[in-house]
Peer 1: 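Before we start, here is the structure in question, set down as structure tokens.
Note that the structure is a prediction, hence the values are computed from the model and not measured.
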Amino acid sequence: MAENIYEENIVPLIDEEGNEVKFEIIGNTEYEGATYLALIPAEDDSEEYFILKVVASEDDPDELEDLIEIEDDEEFQKVADIFDEMLNA
């Protein structure tokens, strides 16, 4: 996955109520050919982080198209274990 996806450490996302919320990227990892980001709310002191899967643009694999929730429980747990080890080292 392209490095330019991570140039900006702040990513704006839309919450369930349609509000823009800014998140700070605190880590990224690759697992089985996919890229994942660990994010925390930029304007919050919470230690809880969120994990989202990066979906690259079909036209340009170096361009971020979207960030999606991980729906598969096993996939989520494996990626969460990677981030837990990385962020708590």
Peer 1: Which value, rounded to the nearest 0.5 Å, describes the distance between Thr29 atom OG1 and Lys78 atom NZ?
Peer 2: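 It comes to 13.5 Å.
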
Peer 1: State, with a plain yes or no, whether a side-chain heavy atom of Val54 is found less than 4.5 Å away from one of Leu67.
Peer 2: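 Yes, their side chains come closer than 4.5 Å.
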
Peer 1: Check the side chains of Asp84 and Tyr49 for a donor-acceptor pair under 3.5 angstrom, ignoring hydrogens and angles.
Peer 2: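 Tyr49 vs Asp84: donor-acceptor pair found between side chains.
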
Peer 1: Which heavy-atom pair separates Ala80 from Ile51 by the least distance, and what is that distance?
Peer 2: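 Closest heavy-atom pair between Ala80 and Ile51: CA-CD1, 3.6 Å.
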
Peer 1: With a 3.5 Å cut-off and no angle check, do the side chains of Gln77 and Asp81 form a donor-acceptor pair?
Peer 2: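 Distance-only check passes for Gln77 and Asp81.
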
Peer 1: Using the salt bridge (Lys or Arg N to Asp or Glu O under 4.0 Å) criterion, which residues pair with Glu75? Sequence neighbours excluded.
Peer 2: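 Salt bridge (Lys or Arg N to Asp or Glu O under 4.0 Å) check on Glu75 returns Lys53.
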
Peer 1: Which atom names give the shortest non-hydrogen contact between Tyr36 and Phe83, and what distance separates them?
Peer 2: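 Heavy-atom minimum between the residues: O-CZ, 3.6 Å.
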
Peer 1: Counting only heavy atoms not in Asp73 (residues, nucleotides, ligands), do more than 12 fall under 6.0 Å from its CG?
Peer 2: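 For Asp73, atom CG is not crowded (no more than 12 foreign heavy atoms under 6.0 Å).
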
Peer 1: Can you tell me how far NZ of Lys22 sits from CG of Asn9, rounded to the nearest 0.5 angstrom?
Peer 2: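 So the CG of Asn9 and the NZ of Lys22 are separated by 13.5 Å.
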
Peer 1: List the atom of Thr35, the atom of Glu30, and the distance in Å for their closest heavy-atom pair.
Peer 2: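 Closest pair (atom of Thr35, atom of Glu30, distance): OG1-OE2, 2.7 Å.
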
Peer 1: Mind checking whether Leu39 and Leu52 have side chains closer than 4.5 Å, heavy atoms only?
Peer 2: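 Counting from C-beta outward, Leu39 and Leu52 do come under 4.5 Å.
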
Peer 1: Where do Phe76 and Ile70 come nearest, in terms of heavy atoms and distance?
Peer 2: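 Residues Phe76 and Ile70, closest heavy atoms: N-CG2, 3.6 Å.
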
Peer 1: Below 4.5 Å, heavy atoms only, C-beta onward: do Asp15 and Leu13 meet side chain to side chain?
Peer 2: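 No; the side chains remain at least 4.5 Å from each other.
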
Peer 1: Do Ile40 and Glu48 touch side chain to side chain, with heavy atoms closer than 4.5 Å?
Peer 2: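 Side-chain contact under 4.5 Å: no.
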
Peer 1: What I'd like to find out is whether the side chain of Phe50 reaches to under 4.5 Å of the side chain of Pro41, using heavy atoms alone.
Peer 2: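 With C-beta onward as the side chain, the pair touches.
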
Peer 1: Check the surroundings of atom CD in Glu20: do more than 12 heavy atoms from other residues, nucleotides or ligands lie under 6.0 Å from it?
Peer 2: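 Yes, because the 6.0 Å sphere around CD of Glu20 holds more than 12 heavy atoms from other groups.
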
